[in-house]
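One structure is given here, and the rest of the page talks about it.
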Amino acid sequence: MFDDAPQNRPQPRKRPQQARSRHTVEAILEATAQVLEAEGYDALTTTRVAERAGVSIGTLYQYFPDKAAVVAGLVEAWLGSDVQALREAFAAAARRPLTEAADLLVDAFVGLFSADPGRSAAVLYGALRVRWRSAVDTLIDEMVHAVALLLTGRLADGRDAEQVAYVAVAATVGVVARSLVERPETLRDGRAAHEIRILLRSYLTAA
């Protein structure tokens, strides 16, 4: 359902195979996230990442050729877990009444960001800086398609399922994106999800 293999992204030098190598890469990616969140993309350097991760710069370069590749690796790990969670939510929603399905999808999408809005905002900003915009846009397009399939035959007569899905996804993504930057506490405490659920329930069931 979702295509999470964007084109023309910075590539790692090699993929970790052994447990020790995977641990090293995880430490590098965690350090990258910490620097992005605390100081932003412009302050990020491979030297700062290596120091924070507790590895040598040579070790970092074994896996990532440059700063863009490190950020791309972080986004790949973050986006991959999101896609799997969304797959599971859409599969479950297909078996629910429309309003319950809407609630489930809102909770699943908002839940991706609610635990750590600051980290999510930093990773998303980094994604746009390393040519992952097309990947993010593709993911949203696929979400619209999946929601349209979910809505087909379940809307009031005459409503265009694809257009309704587009508006529903755009509204949800827009509120979450703004909240990440301006009102992260509403993502953590559930207020954003609550209001989006009300919005979509009313919109999807409108005659």
Side-chain angles (χ1 to χ4, degrees), residues 2 4-89 108-140 143 173 175-190 192-193:
F2 297 110
D4 56 356
Q7 302 298 315
N8 301 318
R9 67 176 183 265
Q11 297 290 326
R13 290 188 187 277
K14 67 177 183 179
R15 301 285 182 178
Q17 301 298 325
Q18 298 180 346
R20 183 176 179 180
S21 296
R22 290 195 295 271
H23 177 75
T24 298
V25 169
E26 288 171 1
I28 292 170
L29 297 183
E30 174 60 25
T32 302
Q34 291 176 6
V35 176
L36 280 175
E37 185 174 359
E39 304 176 56
Y41 183 85
D42 291 333
L44 184 75
T45 66
T46 52
T47 299
R48 291 175 75 84
V49 170
E51 290 175 350
R52 186 175 286 259
V55 302
S56 69
I57 191 67
T59 297
L60 184 148
Y61 284 140
Q62 289 179 19
Y63 300 98
F64 303 101
D66 52 31
K67 162 181 170 175
V70 179
V71 176
L74 173 64
V75 176
E76 182 175 11
W78 179 79
L79 189 61
S81 62
D82 287 356
V83 169
Q84 181 57 36
L86 288 173
R87 283 195 184 106
E88 294 171 358
F109 187 75
V110 176
L112 301 175
F113 309 94
S114 59
D116 196 339
R119 173 68 58 89
S120 298
V123 175
L124 281 173
Y125 182 72
L128 302 183
R129 294 294 297 269
V130 295
R131 300 191 300 277
W132 270 72
R133 178 180 293 275
S134 61
V136 175
D137 288 345
T138 296
L139 177 59
I140 292 173
M143 287 172 58
V173 172
V175 172
V176 171
R178 293 293 293 269
S179 297
L180 282 171
V181 177
E182 299 172 356
R183 299 185 176 187
E185 70 280 0
T186 67
L187 293 170
R188 284 191 292 265
D189 64 22

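Looking at residues two or more places apart in sequence or on another chain, you find no salt bridge (charged side-chain N to carboxylate O under 4.0 Å, His left out) involving D116. By the side chain to side chain contact (heavy atoms under 4.5 Å, CB included) test, S56 pairs with T59, sequence neighbours left out. By the salt bridge (charged side-chain N to carboxylate O under 4.0 Å, His left out) test, R188 pairs with no residue at all, sequence neighbours left out.
Considering only heavy atoms from C-beta on, L86 comes within 4.5 Å of L112 through its side chain. Side-chain contact check for V175 versus S179: some heavy-atom pair is nearer than 4.5 Å. Between V173 and F109 there is a side-chain heavy-atom pair separated by less than 4.5 Å.
Considering CD1 of I57 and OG1 of T46, their distance stands at 3.5 Å, rounded to 0.5 Å. Note that CG of L44 and OG1 of T47 are 10.0 Å apart. Values are rounded to the nearest 0.5 Å. Note that the CZ atom of R48 and the CD atom of E39 stand 4.0 Å from one another [nearest 0.5 Å]. Of the inter-residue distances, the one linking L74 atom CG with T32 atom OG1 reads 6.0 Å to the nearest 0.5 angstrom. Between the CD atom in Q34 and the CZ atom in R52 there is a gap of 5.0 Å [rounded to 0.5 Å]. Between S120 atom OG and L180 atom CG the span is 6.0 Å, to the nearest 0.5 Å.
In terms of heavy-atom proximity, V49 sits nearest to A31 at O-CB, 3.6 Å. Listed here is the closest heavy atom pair of L36 and Y41: CD2-CA, 3.6 Å. Considering every non-hydrogen atom in both A53 and A27, the closest pair reads CB-O, 3.6 Å.
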Run the numbers on R119 and V123 for side chain to side chain contact (heavy atoms under 4.5 Å, CB included), then give the verdict.
CA-CA 6 Å; R119 173 68 58 89; V123 175; 4.1 Å; yes
I would like to know whether V35 and T45 meet side chain to side chain contact (heavy atoms under 4.5 Å, CB included); could you show each step before the answer?
CA-CA 9 Å; V35 176; T45 66; over 6 Å; no
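With 3.5 Å as the limit, one finds no donor-acceptor pair spanning the side chains of Y63 and T24.
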